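Read through the structure below, which is laid out as structure tokens, and then see the notes.
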Amino acid sequence: MKIMTCPVNGPRAISEFAYGGEIRSMPDPATCSDDEWADYVFNRNGSPGVKREWWCHLPSNTWFVAERDTARDVVLRTYLYEGEG
Amino acid sequence: MRLPAQPGEWIDRTTPLGFRFEGRDYTGFAGDTVASALAAAGVSMLGRSFKYHRPRGLLSAANHDVNAMMQWGGMPNLRADATPLAAGMDLEAVNTFGTLERDAGSMLGHLSRFLPVGFYYKAFHGKRLFPLWEKMFRAMTGLGKVDFSAPRQRTPKRYGFCDVLVVGGGTSGLAAALSAAEQGAQVALVDENARLGGSTQGASELVGKVLAHPRIRVFTDTYAAGYYADHWVPLVERERITKMRARAVVVAAGAFEQPAVFRNNDLPGVMLASGAARLIRRHAVQPAGRIVLLAANADAYQALADFIRAGIEVAAVVDLRGTLPSEQRALPAAHDIPLFAGHCILEALPSSDGRRVAGVKIAPLGQTQAIAELACDGVFMSVGWAPAAALLYQAGTKMRYDAGIEQFVPEKLPDGVFACGRVNGVHTFASRLLDGERAGSAAAAHCGLGGAKPIAVPTETDSPTHPWPIVPHPEGKNFIDFDEDLQLSDLENAIQEGFDNIELMKRYSTVGMGPSQGKHSNMNALRVLARATGATPGEVGTTTARPFFHPVPMSHLAGRGFTPERRTPMHALHEAAGAVWMPAGAWQRPEYYAIHGLTREACIEGEALAVRQGVGLIDVGTLGKLEIRGPQAAEFLERVYVSKYAGLKTGMTRYAVMCDEAGVVIDDGVIARLADDHFYFTTTTSGAAAVYRELSRWNTLWKMDCGIVNLTGAMAAMNLAGPKAKQVLTGLTDVDLSLPFLAVREGNVCGVPARLMRAGFVGEWGVEIHVPAEHGARVWQALMQAGQAHGIRPFGVEAQRLLRLEKGHIIIGQDTDGLTTPGEAGLDWAVKMDKPFFVGQRSLAIIASKPRPRQLVGFMLPADHAGPAPQECHLVIDNGDIAGRVTSIAWSPALQRHIGMAYVKPGMDAAGSTFAIRLSDKTLVSAEVAKTPFYDPDNLRQKEEA
Amino acid sequence: MPWRLLRFALSKKHPEPRMFTRHDRLKPAYDVVIIGGGGHGLAAAYYLAREHGITNVCVLEKGYIGGGNTGRNTTIIRSNYLTPEGVQFYDESVRLWQDLAQDFDLNLFYSNRGHYTLAHTDAALRTSRWRAEVNKHFGIDSEVVGPEVVKKAAPMIDLSCGGHAPILGALYHAPGAVARHDAVAWGYGRGADMRGVEIHQRTEVLGIGVVGGKVAGVRTNRGNIATNKVLCAVAGATPRILDMVGIRSPIYIHPLQAMVSEPVKPWLDPILVSGSLHVYISQSARGELVMGASLDPYEVQSTRSTFDFPESLSAHMLDMFPFLSNVKVMRQWAGMADMTPDFAPIMGRTPVEGFYLDGGWGTWGFKATPVCGKTMAYTVANDREHTLITGFGLDRFRNFALTGEKGAASVGH
Amino acid sequence: MSAINIADVSRTPRAGVKGAGAAAWLAALGLPVPDAPNTWLSIEGGLIARLGLAEFLVEGPASAKLAAPPAHGVYPVLRQDTALVAAGERLDELLAEICSVDFQALGPAAQPVVLTTMAGVTVVAIPAEESGMPALRLWCDSTWGAWFCQTLAEVAGELIQPIPTNHQGATS
């Protein structure tokens, strides 16, 4: 089974984790247009490549960020979320 | 015929084992395979081929002989060449019509001219006739039979760990294991054979060292089923699977000896030289008395020595090569064995009964006229190899075709994956030792253990593989794929029809798709395609090598099959009270409590009646139970739920609806404010884990000053409801029971700390009691006991569903679906669009600007409704079109009517108007839109402050 | 024996022509360029030529024809969907399937088996009734049946499913069928080829030229093509092609895995699906058990296999069929499913003029091959959506008007 | 003779707390606080374990101290675990069947705490030694407890016998 490394709990089988999707920044709901909002809600960056994703280590309920190449299914880096950027 | 004792033989001659095959009794020895015992008894026909039902025998004796598949009781498709003989086995060949001897299916062989490649695509598809043809095909197809009475086997599975996993216990694998272990690595060495040493003699010294090494764990009789990400390799043992996590993997899987292609190359008695050598060495079986050896490499002449030593008469050596090294010529010369260099076997000749080879015709390579015909009862072939590279491919290795040795070899290996020995294109014994040492050392170094030894492995000077061991014949029956009965012309014809890509050719012809997954056919098929299209084998490329290496029993894959079950602290009490269980995710919940002599419906109605007229108690401990504390707790809740909570008074509760970002209702519950900065709240049973996880994610993202604790399992919860509930509880608690509707109090119940929430879900005076799980059973029992005098009944999920329906409360997931917005579900009142933000708010604002597609309404059937009532998900029909559906419906004992909820189109939701519901039998039932709650519309009963 | 096979025995040389013409080079321009040589792309080409007389068409395939999801699915055909849009669309597909072998003069082994979606919970039973009622409304033969009917169709099943997922009933869908998946691509390919369509394998699209909001051409590894109409039918590669024309979409890619057992004598006639146990199973014409499960839980754009898949699928298989313990799994593989938020496809025109999208097929694409080809051909030929696909436009997401097929999500296939 | 002994120690008092302020608050209560995430320390009559970054489990008499009113950033966690001690020579074999974590690779000297799943159930595990035998302390949500205990006992029970040679088993 593939290994995912939780920044707190260390390397574990990926079955111990939940995938939370790509990290996307929310437009300001007060100022964005309906189309911008719909784009945020539904559209995804579906092409293969390196993505910043939410992952959760389930036994400890630890959410963190994984940078993963979705074309090769290789985890490049994981770290705790510290904000955008 | 059994030979005298062979050095290192695997059989135990002191332990004879009796068994049956096709109704006849035989005896073999412990250590035999089924096939070797039968070979010793002179049985050469072990099975019939898949399509033409031709007689087939041993080919490889290495777990690839899929034409020698057998059935033993409930076990289908046992490979005779790899199945250890056991006393009392009663075996039959699979896929015969009648018996192996008299197989009615063999007439298909005569029809083969009518059945070229892909023939089934070209006929039988008449619309009316196809079902009939299909019936016939289905009678012909398949191999072994499943036995419906076979029990489920639960085999253990385990996780394993090592530094270096070496796959293959032949010469190079042994050397790799030793060299890695000597550098300090913990090594696991796997080999599919019962003993280490591989197919070559001469490694026995290494075997001893490996077995004695403290850092090497040996798995014999075990195969690596596949390579998965991060060096994860399931090792399939006879009784279980070990899922091995390695830090580095050395693939020393060797190579499959490849058959030559000539007419009748499938006759029993025609086999790979390595297979014949295995029978001799391991099982002391002489596979034939007089053979012709078809050769094209040095391995052939090493095997020849074995055959001579075993007393086999060698009628001739036919070598595909025109010139061959003098040391190879020397052996046949020394034994006066005629050597036909530059010749091929044009065809093998069957015995009079067609069941064994009886001779060969020999011709100069490339010519169609035989120059000699020799009698023999065996043809042994050693013309080349194909690497056992499946694991390497699965690991992502880039392979290239090495024309010097006519073999695919690794060009670029993935990080932490190493290859050595024949799979790496290294065939000479001394070189394999070196190559193994090199790979083992590099693998240990990869794990940070020592440095990689700089070892240079000499390249092969003599190709072990012939580039074209394929002899055309106008009469065909020169098989390329024994699993699928594919002849040379089948592939040529497929190419002619445009299937000239390796994958397309495979799919059209089915070459390589049988149980051996192309181990003996892919390489020759690829050569045929390369030659036909004028490409090199490297340009043609290989097909994808998917797991598994050998088929794996489902029992092994399944293992024990852990299915964890979750139980509330009152589980045993429910069981004792006659609970009939219904699954709710991992939980089991009482659907109702069975009473002897009463129907399910009567039990449920009785439970509901108890709540309406007396008192009932339900376990609601499966609800998600969360706690949030901190200065920003209220703000957090306002961001994730659609209502407002900042203004909720301490000591009060409020209904809570959660939406996703698209504005779809995903969960609901009740939020109780215990202090200014402290809330306790519930979620649905099925949503509990996901809601907690998602709230945690939001909190990680927003970094608000609050913390969420999941108390779902730590708190027991029960709802005591009914006009007599207060009387039951009085005396058991220090909480003032005059608390108002929707209030929450902390206090003691039965002497344990409890949270009491005045709830109205079922529409009577009721209180949800939450206590630490360890006290749940005690509190439940105390309530039941105190309630006895008031006729208390435990009630289950079904009674609760009825009671809440009478009150018009929705159930998320039943009265909503994956697209329901709060407005559609009649929850507009809960949605506070004037908050600064909540999840889903912006989407709901957009949705609000569009016409609402549907509305959930309450409805009643006429009081005099007779006949069957609608069921949930029956459709609402308007002018012949679908206008909605029923989401909930029940017979209300309180109202003496059928009541329900349904989605209808806008404009159909006016109270008092009617609509039609269509039953499964297409009759229409009229229903009247009714205001909810149906029961106690002013909610007096639940609010009553008695 | 059908007379057609006689000629094989009577001819000296194999009497079959090439199914697909080999074209050494691309023409400089085509009326329509179809990206993707799977079932969908080839079907669209076939119907463009056959029904609309548009034959100056090329199909560009990066690998080999039918090598994507067409050749990786578990070949189940059914129309027991949940929404009126879905039901009518797939019903038309099932109708087309019936005559396809005759149209192609190629045996597709279209085998009507009956399809049972097992319900292990009362919620699943409710959804089954919903689907059955919507199906019946459109004249489709679906019905909720009790466990005893399931037992009759598959007498060996353990109705308690190992004790933890008892079967309460099922949605029975009589038209449920399987077909030989590869042959569908070949049949459409041959039919298109015969009518003049060019099929170019090993031809990768590298870019799409858009000028003034209109499609102008396609750049490939074998040269450039001028065209005003491009149909994208590339399943798991859809987001990559959409990026070339700057269209945002909700499509995300998760692998879907499957596996087959060694061949055993036929014992299972119907197709069985269990949402709770994440199993679907049928027995192929070769005697193999063809088994699938659910989507992998995270995004991956490759066809790698995982070991947890055969582990959990086997455990659930044995819950249903304990006697299969000794039956061996021979091979596993994966495809890339192009999923959408409402589990319905995206078909039709796009904001880029002349660029037509046929994607978002997730795990349902195979069964839709004929109707999708037909309706997309219509849409491309007329630059107007066929009535059967108007509910599946890309703009439904912008409009918060999803199709609602998600209600049937748990069942799949 | 059983290869593994499993003892239910759920009755031991325990308490939990989490939050950014938890470590400091515990220290202020006079408890020793493990420095590193996922480590533990023994304390009078029990232990204190750091579960991940900012959650703590205190077992033994000292757990009573956690009844103190929480400070800012401190969130009490009601602990209602099923607590087990599994010990025996063949503990590693048991673990190999139910858990994908390599416990042998964890140096017990580092006092590791492992948050993982065993047989599909979320657990907190601490490798330890009990009277010279390899041992493991385990905590899981008590609603999974009954099933978990039963499953552990079943798996352990089968370890007593070597895996039987079953000729009806798999063969290839």
Side-chain angles (χ1 to χ4, degrees), chain A residues 1-30 44-45 48-85, chain D residues 16-20 22-23 34-40 49-57 75 77-79 81-82 95-107 110-127 136-141 143-145 148:
Chain A
M1 196 179 299
K2 190 152 187 60
I3 291 174
M4 172 63 81
T5 301
C6 170
V8 177
N9 292 277
R12 293 293 169 79
I14 206 158
S15 59
E16 286 195 10
F17 296 82
Y19 168 68
E22 192 175 8
I23 296 181
R24 303 171 301 124
S25 54
M26 188 175 79
D28 182 349
R44 294 291 177 270
N45 166 22
V50 176
K51 299 185 186 176
R52 286 179 76 225
E53 300 170 333
W54 284 112
W55 284 81
C56 180
H57 181 242
L58 296 170
S60 64
N61 198 48
T62 309
W63 279 102
F64 61 94
V65 181
E67 287 179 10
R68 194 171 62 91
D69 181 346
T70 64
R72 297 182 298 135
D73 194 16
V74 172
V75 181
L76 306 169
R77 208 154 76 91
T78 60
Y79 47 90
L80 292 174
Y81 182 82
E82 291 297 342
E84 288 306 308
Chain D
V17 70
K18 74 185 219 186
D35 284 338
N38 294 325
T39 59
W40 64 280
R50 185 168 190 152
L51 316 178
L53 276 184
E55 183 166 351
F56 297 87
L57 166 66
Y75 314 113
V77 178
L78 176 67
R79 304 291 324 193
D81 310 72
T82 294
L95 288 176
E97 283 200 33
I98 58 172
C99 185
S100 65
V101 172
D102 184 4
F103 276 85
Q104 279 184 297
L106 299 169
Q111 308 250 75
V113 175
V114 182
L115 310 185
T116 183
T117 60
M118 291 187 178
V121 173
T122 294
V123 296
V124 174
I126 291 184
L136 195 72
R137 291 163 169 269
L138 287 171
W139 293 264
C140 76
D141 183 325
T143 54
W144 301 104
F148 186 58

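These numbers were taken from a predicted model, which means no experiment stands behind them. Naming convention: chains lettered A, B, ... in sequence-line order (proteins, then strands); numbering from 1 in each chain.
- Taking the six-membered ring where tryptophan is involved, the planes of His57(A) and Phe17(A) are tilted, since the angle between them lies from 30° to 60°.
- No side-chain N or O of Arg52(A) forms a donor-acceptor pair with one of Tyr81(A) less than 3.5 Å apart.
- Contact annotation for Leu51(D): neither backbone nor side-chain heavy atoms come within less than 4.5 Å of a heavy atom of chain A.
- Side chains of Thr82(D) and Phe148(D) form no contact here, defined as non-hydrogen atoms less than 4.5 Å apart.
- The minimum heavy-atom distance linking Pro127(D) with Pro112(D) is given by the pair CD-O, 3.4 Å.
- Contact check on Arg79(D) versus Glu55(D) returns a salt bridge, with a Lys/Arg side-chain nitrogen under 4.0 Å from an Asp/Glu carboxylate oxygen.
- Contact between Ile14(A) and Met4(A) at its shortest, heavy atoms only, is CG1-CB, 4.1 Å.
- Within residues 98-105 of chain D, the residues having any heavy atom closer than 4.5 Å to a heavy atom of chain A are Ser100(D), Val101(D), listed by residue number.
- Checking side-chain atoms of Asp69(A) against main-chain N and O of Val50(A) turns up no donor-acceptor pair under 3.5 Å.
- Looking at Thr62(A), there are no atoms closer than 4.5 Å to chain D (heavy atoms on both sides), in backbone or side chain.
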